[in-house]
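These notes concern the structure reproduced below.
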There are 2 protein chains.
Amino acid sequence: MLELRLVQGSLLKKVLESIRELVTDANFDCSATGFSLQAMDSSHVALVALLLRSEGFEHYRCDRNLSMGMNLNNVSKMLRCAGNDDIITVKADDGSDTVTFMFESPNQDKIADFEMKLMDIDSEHLGIPDAEYQAIVRMPSSEFARICKDLSSIGDTVIISVTKEGVKFSTAGDIGTANIVCRQNKTVDKPEEATIIEMQEPVSLTFALRYLNSFTKATPLSETVAISLSSDLPVVVEYKIAEMGYIRFYLAPKIEEDDDMKP
Amino acid sequence: MLELRLVQGSLLKKVLESIRELVTDANFDCSATGFSLQAMDSSHVALVALLLRSEGFEHYRCDRNLSMGMNLNNVSKMLRCAGNDDIITVKADDGSDTVTFMFESPNQDKIADFEMKLMDIDSEHLGIPDAEYQAIVRMPSSEFARICKDLSSIGDTVIISVTKEGVKFSTAGDIGTANIVCRQNKTVDKPEEATIIEMQEPVSLTFALRYLNSFTKATPLSETVAISLSSDLPVVVEYKIAEMGYIRFYLAPKIEEDDDMKP
DNA sequence: TAAAGATCTT
DNA sequence: AAGATCTTTA
């Protein structure tokens with residue numbers, strides 16, 4: 001028997017809107033620890049890892065580990081039927097091949113329940129080793145989203161270069177080139193407006209903007225984003241979910257190609 | 001000679017936006033009593049009845065009964081040229097085959113007139129008998145609209161079931177099932193937020209969501225909607241138009257089909 | 001602010 | 001394929 005009650009239901013709505021563009025089908029794994037998901041995007045280039053710890057729920061009951069395969073578009077359709085102030089409860093009986101989403105309006109006048117068939121999805125659950133990163137950039141998530149969106153109107157890839165002074169986002173395309181430099185800045189009114197560089201050594205890596213732009217769908221979940229970079233390691237773009245956990249997106253850097261070698 | 005002056009011109013704009021999706025051509029009937037319209041939708045499944053009483057107009061002159069056939073899309077196009085604060089005057093000369101819409105800006109600086117050719121439309125004007133309904137549900141129009149929209153992302157039809165305690169909207173589709181229960185609630189801050197059930201006996205009927213969603217285009221006209229249900233009678237979805245009249249939509253219930261009988 | 005384009009939906 | 005809505009641009 002599984003029963004999770006989340007008073008701030010909008011959070012679950014936002015989580016699904018964050019992942020939906022990248023992943024179509026995925027297993028939600030429930031254990032005593034919490035509610036988690038790990039999935040590759042459809043082109044097997046990017047990876048999403050979600051964790052919502054049990055302590056973050058108002059009520060959390062999970063008698064035995066459960067892996068529930070769902071089509072995220074369908075989950076999203078159902079969650080869109082929940083009001084932003086609704087309390088969401090997720091229920092599944094042991095051995096059942098369905099999951100139920102329950103939405104209660106704040107004044108309890110409206111109660112909705114949505115039942116959905118589960119699917120069998122075979123997924124290789126990758127162990128993601130904790131790595132030391134050469135550089136971690138923390139910045140306002142909205143600023144990161146704006147930069148990725150702006151640059152993708154110029155080019156397809158972005159070079160992210162970190163030095164002690166700041167982080168530079170560069171791109172080039174048919175119409176020209178663009179560089180956006182964000183200086184480290186810890187002296188701000190609100191901590192969530194800070195840009196903070198934790199750097200062991202300078203690093204410069206290239207990524208496809210298309211995926212970074214998908215990652216920024218998670219912007220509504222957190223005021224800040226942490227970007228962890230190391231040569232030859234996938235970048236980690238992390239959005240913390242207050243009191244509950246995180247969404248992390250992983251993306252391998254592009255190997256620099258010599259343009260003259262292209263056909 | 002016909003001349004109707006409506007200071008709150010936005011009202012006429014909203015009326016047309018409410019009907020336009022359902023009905024393409026219709027006769028506007030003008031008499032000393034008021035301005036009315038009755039029309040079936042293009043697939044002859046739903047019926048719209050509009051009444052704007054003469055008392056609601058700032059000036060109302062209708063020397064003889066007049067039936068003016070119009071293409072509602074074209075009327076809508078013209079009315080969209082009126083500002084929301086404009087005063088709208090509708091004019092037609094006896095025997096003329098045109099109608100004129102006049103728009104005056106609030107400060108009288110702008111005066112526009114749009115003339116449109118009338119059409120011949122033969123319509124059977126149905127007498128709609130006043131019926132006793134087994135149940136009448138009054139609820140916030142926005143909530144009804146939200147429910148119809150949400151459910152149509154899951155299924156094509158909705159079962160509306162009324163009991164003394166409340167009203168339940170249910171649907172089923174490929175991805176799952178959904179039930180939304182609204183409890184009767186008369187103790188609200190504002191009367192327009194109440195959900196009120198007037199019930200003689202319980203009733204449960206099935207309707208095509210496609211049409212209900214068209215009906216909810218009238219939501220901007222009224223804070224509340226009244227849904228009148230009886231077995232074997234068309235449902236009436238009524239939006240009152242303040243001080244003037246109403247728009248009523250009629251839709252026959254679906255006869256429950258035995259799924260096994262389907263091909 | 002309004003029109004056009006793009007994207008998503010039925 | 002058409003319509004609706006959202007976003008973007010003038």
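The chains referred to below are lettered A, B, ... by the order of the sequence lines, with proteins before strands, and numbering in each begins at 1.
- Rounded to an integer number of Å, the gap from D156(B) CG to dT10(C) P is 10 Å.
- For the pair K217(A) NZ and dT7(C) C1', the interatomic distance rounds to 11 Å; values are reported in whole Å.
- Between R210(B) atom CZ and dA2(D) atom P there is a gap of 16 Å when expressed in whole angstrom units.
- Residues passing the salt bridge (charged side-chain N to carboxylate O under 4.0 Å, His left out) test with D86(A), sequence neighbours excluded: none.
- As rounded to whole Å, 12 Å separates atom P of dT1(C) from atom CG of D85(B).
- At a threshold of 4.0 angstrom between heavy atoms, the contacts of K149(A) are confined to the sugar-phosphate backbone, with no base atom among them.
- Shown here are the side chain to side chain contact (heavy atoms under 4.5 Å, CB included) partners of K240(A), two or more places apart in sequence or in another chain: E238(A).
- One interatomic measurement links the two molecules: CZ of R20(B) to C1' of dA4(D), which rounds to 10 Å at whole-angstrom precision.
- At whole-Å resolution of the value, CG in D150(A) and P in dT9(D) are 11 Å apart.
- Between the CG atom of N73(A) and the C1' atom of dT9(C) there is a distance of 12 Å, given to the nearest Å.
- For R80(A), no side-chain nitrogen or oxygen approaches OP1 or OP2 of dC8(C) to under 4.0 Å.
- The aromatic ring centroids of F35(A) and F28(A) lie less than 6.0 Å from each other.
- Side-chain contact annotation: S214(B) with E21(B), donor-acceptor N/O pair under 3.5 Å present.
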